[in-house]
Amino acid sequence: MTLMTPPPLNQQEDDEMLVPQTDLADGPQPMEVAQAETATAVDAQSVDDPPSARFTWTIDNFSRLNAKKLYSDVFVVGGYKRILIFPKGNNVDHLSMYLDVADSATLPYGWSRYAQFSLTVINQLHQKYSIRKDTQHQFNARESDWGFTSFMPLGELYDPGRGYLVNDTCVVEADVAVRKVIDYWSHDSKKETGYVGLKNQGATCYMNSLLQTLYHIPYFRKAVYHMPTTENDIPSGSIPLALQSLFYKLQYSDTSVATKELTKSFGWDTYDSFMQHDVQELNRVLCEKLEDKMKGTVVEGTIQQLFEGHHMNYIECINVDYKSTRKESFYDLQLDVKGCRDVYASFDKYVEVERLEGDNKYHAEQHGLQDARKGVLFIDFPPVLQLQLKRFEYDFMRDTMVKINDRYEFPLQLDLDRENGKYLSPEADRSVRNLYTLHSVLVHSGGVHGGHYYAYIRPTLSDHLKLMACRFKFDDERVTKEDIKRALEEQYGGEEELPQTNPGFNNSPFKFTKYSNAYMLVYIRESDKEKIICNVDEKDIAEHLRIRLKKEQEEKEQKRKEKAEAHLYTIIKVARSEDLLEQIGKDVYFDLVDHDKVRSFRIQKQITFNLFKEEVAKEFGIPVQLQRFWLWAKRQNHTYRPNRPLTPQEEAQSVGQLREVSNKANNAELKLFLEVEIGQDLRPVPPPEKTKEDILLFFKLYDPSKEELRYVGRLFVKGSGKPLEILTKLNEMAGFAPDQEIELYEASHLHFEIKFEPNVMCEHIDKRLTFRSSQLEDGDIVCYQKPPPMGSDEQCRYPDVPSFLEYMHNRQVVRFRSLEKSKEDEFCLELSKLHTYDDVAERVAHHLGLDDPSKIRLTSHNCYSQQPKPQPIKYRGVDHLSDMLVHYNQTSDILYYEVLDIPLPELQGLKTLKVAFHHATKDEVVIHTIRLPKQSTVGDVINDLKAKVELSHPNAELRLLEVFYHKIYKIFPHNEKIENINDQYWTLRAEEVPEEEKNLAPHDRLIHVYHFMKDTTQNQVVQNFGEPFFLVIHEGETLTEVKIRIQKKLQVPDEEFSKWKFAFLSLGRPEYLQDSDIVSSRFQRRDVYGAWEQYIGLEHSDNAPKRSYAANQNRHTFEKPYSRFWNLNSEKSTRMQIKLSSRTGMLVFYVPAFLSGVASFVLYPNHDLRLFLVKATLTIHFFKRTIEVLFVHKYSTSGVVLDSAILISSSYFSATSSMIHGQYLTQGFPEPQVDLKYPGVLLFLLGISGNLYHHLLLASLRTKSEKEYKIPKGVTQQGDGTSPNLKIFLRMSRPLFPMSVVRN
């Protein structure tokens, strides 16, 4: 055996299943997770010099070993280690091998070591074929061994020709390196690094990384400190003050800092904090806000000085002396990642010269169309250069945004003067040296739909640290030191190759994509380094800000101290008659007092209660001997009432003991009622002695005329006494005549007494019965009043106590907003939760001065989007106001109203459509509101419209089109019912049918023509604009002839029209046409599905004034209807299509995929558990879909286009087949550390059950005539369309990359 010290182990880890050694039973093996970062280290090793060693173990007579398991000799590295092997396998047909802590039974409490290690079986014939597996583990007394149950097949090991067993000798090696353990929870960022992190509010990690970057630019921080703010400013209402406060806390706090004040100053609410925003947009908006606030101050121009650079856009003619230039400023640069290996390649592409020639010639003033060169050069670069890497772009093939994870390198030092200043314009100042040092790397880990953001920052740029400086990782609250490799090279992106587990068998190396990569770089110019990385201390902070923030820190420290010492103290809340008098009738109606608004005392638990009474005497001026305290008790109906007075024995106890005895709910508070008797001279007197016969009652007086309830006092009564005996006293307390008749009421304890609960019930008290017969006890409340006048002209809304308390229980103040001004509260009304739709409409109409309340239409509030719901409340569609205010388990106090021109009941029997009529000869669009019975047809709409519009000639024919995002999707047939037409999301356009379209020749084609331009900021994405139209093209017609007709139709001047380009576009990809091209040849298929996606495009700038279409959207467009195929199954082609019924179409979707799953059990009969689960879950999923199609779903009459059905069916079939086959190929791959099989099965079953219930629910809500599914409680469908159970299944599959790459 030999022991030697090797180089440190690499960071790669084999994707083998790692388990602690145990004698495993037959069947699946359990899998455990090694969470190295969350373990606790008692005496962690140094990160700079980790102990490491290599141990070699030679095992003789290997094949004759009879022991089930065998231990090596002990070797020392970070503790006593040894190798453990199972020569015949640990209940598997593989060699099992582990690393074991030899002295685990005697380890001290809390002992822990984090080790990276590899185990190797040496090939004694060919060293390169040795089998090595790497892993890592946190060793402790409970998990003292870790390794590989299936290290290598026994057949390979015992085969003499393989070289692993020579002369019956096996050689095993272990390379072990002990690393420092970082405890996530106890990690002190300030102590370890000198810096603190920022708290994540939900999804604000992107903002945190940007704020940390800006904070660590000291010149920027100093400028923020110097922005003028006053002591009267509120941080949540002032971005400068909020940012100053945040930076101050980052500089001087010892713990992580919250960002809520800053986000509130942005105007964000909690919903915004849980939404990831664009980092570049946030950076620009923040800098613009600060730049605006800095104007007129001593720091004016700081943002420009730091971040603003300039470049020159030029177009230079080749054959004539003409050059056009335009100077533009920038605060950051967007660099291409795709197709570029590094930053320099991106800059080369940025300044790349484009040739304008052929059809793309440049129109030069006074020279006409000319060949030209077009490009960009930089006039100057800013001191702080911010580079936004374009990691996200639009994929035309997949019709979606994708993340570019390609490898993209960036240097520590960036020289933008390279190659004789190739990036600089002739006007650039060449005396400025544009050499930059990398300051920050902002990283995105994840995909296009979400992920995590963090930053690597080098706060100091001192020369001796220039190349290999330690950088800091700012990951929300956690700040750690990181080496240069992790901060740079690992953020390049690209792919990483796993080490081969069996190099001798020609298996191709496995690669995985690295989803963590840089998306923003910050460089600082070397010549400006001293100025920018400056000292910032307290003298740079305004005095009022220092005082304010120090006070906040002191208060925070005091609260922390109180929290730490809370176990030593008890909070005693003392309620008095004065509190009852103050609160009842104002804040309290159903109880006696709000305990949060009474005087509280913080008393040490060991102090006796008698000493506390002295404190009360000082506070209230009540002598100790005149105080009597009552304990409050929580009753079964959830109300609190004074229950009994403290006994002398209890008052002799400590405060802590008394709280424990009195408080069964383990609440840290002790609630007391202080009884003080007032004598005739209005001075305190000793309280009367209380016997078991005495009952303490509290009395409230109700005045129906004033609708007022107030507290009038308390009385001791005898249980055997009757209310008749205290009527005179009650009249005296109320200020009534002694013989005034009064009515008494008591709260029914069976209905939660007089409290905000489902039922409020006050029972009339029979004055002839005893108090005990009326079931009154200590602490009960009695309300009384004068009897309601009988037959009087004076009418009260709430004549008695029960009706008043019922009113108070259901009272609801509603804020009303006009639907047209949905952000502004217009008026408030006090209503009842029991009001019906008619009641609410009547109150609104009365407030607005309308005679007919039926013309009021109401719309509920969406609590999440803070907008009106897209659909109004149906007339009498809900029972009460309380139902109108509920949105998905949340209650709002906002309703929107609109005043209709006809009564709502009549309107609901009609279909209302907003139609934009385009005049044939005039350049005008008029919006018309068409109201017809729901059973009407499109032909009825056209006839109604004809009576309202001006036609070019009396016999003109009209047609109705569906337009969406400047494309024509459908021509409505005249016999189509209007009930299912939805103008909420699409524009309805009416126009005259041109004469040439009425008489098409056999070979004429009617094509779509759209305007478009390319968005240069989004990788030349085609953006349509303007009004789309149809055009007849004739067989053999050239583009030149078509252009003449288009120019005549659109009335475009020659000079403007000469700049237009013409292209054939299919699925968003333009193919530019020459004047001699035959246009009809591009449109070969007559019945192509999605005719709107093949069109002639007119490329030109959008110079037309924007025409608002707000008027033809009669509702809001922030929620979409639930229809699984709403964008696929409409008749959008202008010609006939082969259509299937909805049920048949959906069977075509799912049955092939289901049969593929069934067939997999025949094609792949031999499977491991994971392959079985994949086959079973996919088969069950599509079987469930098929059953739903046959027996659950309800269908509209629209059907499914055959082309769509084939496309969707093939995608389901190919995805199912490829997933099963892919899982089949991974059999024998190493197992992951984290086993999600069984949680995955459970989640899959829950998901598929919930999804079935979801479809049953939607089907039950849908009536036969409805085209779209309803969503209960305003829930909208969002996401990628993948069913929840299928998503859960995907999580179960074996990962094709190491678990260390995945951020859980």
Side-chain angles (χ1 to χ4, degrees), residues 182 184-218 220-222 224-225 235-236 238-270 272-283 285-287 289-290 386 439-446 450-459 471-482 487 516 518-520 522 536 541 545 549 552-553 556-557 560 1303:
I182 299 177
Y184 186 90
W185 301 110
S186 64
H187 179 73
D188 188 331
S189 296
K190 186 76 168 187
K191 182 178 178 181
E192 296 290 334
T193 65
Y195 302 100
V196 297
L198 292 169
K199 294 179 180 178
N200 193 326
Q201 292 187 47
T204 56
C205 50
Y206 70 98
M207 180 183 72
N208 291 349
S209 60
L210 176 64
L211 291 173
Q212 288 282 17
T213 300
L214 294 174
Y215 167 80
H216 284 100
I217 301 174
F220 178 85
R221 191 193 327 159
K222 181 178 285 194
V224 169
Y225 282 152
S236 59
S238 166
I239 292 179
L241 182 58
L243 202 56
Q244 288 173 348
S245 174
L246 183 75
F247 283 1
Y248 180 90
K249 292 172 184 175
L250 282 175
Q251 191 164 348
Y252 294 105
S253 177
D254 292 328
T255 57
S256 56
V257 180
T259 57
K260 285 187 178 179
E261 283 185 345
L262 182 64
T263 54
K264 283 183 179 178
S265 72
F266 294 164
W268 292 2
D269 55 20
T270 305
D272 293 298
S273 298
F274 280 88
M275 295 290 292
Q276 285 192 349
H277 299 256
D278 182 69
V279 178
Q280 183 182 13
E281 181 185 3
L282 175 65
N283 189 21
V285 170
L286 182 59
C287 286
K289 292 280 187 183
L290 293 175
Q386 300 181 106
H439 176 263
S440 309
V441 180
L442 278 71
V443 177
H444 177 262
S445 175
H452 185 62
Y453 296 81
Y454 49 90
Y456 291 98
I457 301 174
R458 184 174 158 198
R471 294 175 183 267
F472 297 92
K473 180 181 178 181
F474 292 83
D475 187 353
D476 289 335
E477 300 181 41
R478 182 178 168 88
V479 185
T480 55
K481 280 186 178 181
E482 302 290 349
S516 295
Y519 75 96
M520 179 177 172
V522 179
V536 182
I541 305 170
L545 186 62
L549 296 177
E552 286 181 9
Q553 289 294 98
K556 184 178 178 181
E557 179 62 26
R560 187 198 65 76
R1303 181 179 182 91

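Note that the structure is predicted; figures quoted are calculated from it, not measured. Positions are given from 1 along the sequence.
A donor-acceptor pair is defined here as one N or O able to donate and one able to accept, closer than 3.5 Å; such a pair exists between the side chain of Arg221 and the backbone of Tyr215. Between the Gln212 side chain and the Tyr456 main chain, no donor and acceptor come within less than 3.5 Å of each other. Not a single donor-acceptor pair under 3.5 Å links the side chain of Ser245 to the backbone N or O of Leu241.
Under the side-chain hydrogen bond (donor to acceptor under 3.5 Å, both in side chains) criterion, Ser256 pairs with Glu477, not counting sequence neighbours. Every side-chain contact (heavy atoms from CB on, under 4.5 Å) that Thr255 has, sequence neighbours left out, goes to Ser253, Lys556. For Tyr225, there are no ring pair (Phe, Tyr, Trp, His ring centres under 6.0 Å) partners at least two apart in sequence or on another chain.
For the atom pair Asp476 CG and Lys199 NZ, the distance stands at 12.0 Å (nearest 0.5 Å). Phe472 contributes atom CZ, which lies 11.0 Å from atom CD of Glu192 (distance to the nearest 0.5 angstrom). Atom CZ of Phe474 and atom OG1 of Thr480 lie 9.0 Å apart (nearest 0.5 Å). If you take OG1 on Thr259 and CG on Leu198, they are separated by 6.5 Å, rounding to the nearest 0.5 Å. Rounding to the nearest 0.5 angstrom, the gap separating the CG atom in Leu262 from the OG atom in Ser238 is 10.0 Å. Taking NE2 of His444 as the reference point, atom NE2 of His452 lies at 10.0 Å (rounded to 0.5 Å).
Using a 4.5 Å cut-off on side-chain heavy atoms (C-beta onward), Leu286 and Leu214 make contact. Here the side chains of Asp254 and Asp188 are not in contact, with every heavy-atom distance at 4.5 Å or above. Side-chain contact check for Glu261 versus Leu246: every heavy-atom pair is 4.5 Å or farther apart. Residues Leu243 and Leu211 form a side-chain contact, since some pair of their non-hydrogen atoms from C-beta on lies under 4.5 Å apart.
Applying the side-chain contact (heavy atoms from CB on, under 4.5 Å) test between Met520 and each of Val441, Thr213, Leu442 identifies Leu442 as the sole match.
Between Tyr248 and Tyr252, the two ring planes are tilted [angle within 30° to 60°].
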Given ring pair (Phe, Tyr, Trp, His ring centres under 6.0 Å), test His216 with Tyr195 step by step and report yes or no. CA-CA 10 Å; His216 284 100; Tyr195 302 100; 5.1 Å; yes
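Of all the heavy atoms in Ser209 and Tyr454, the pair that sits closest is CB-C, 3.9 Å.
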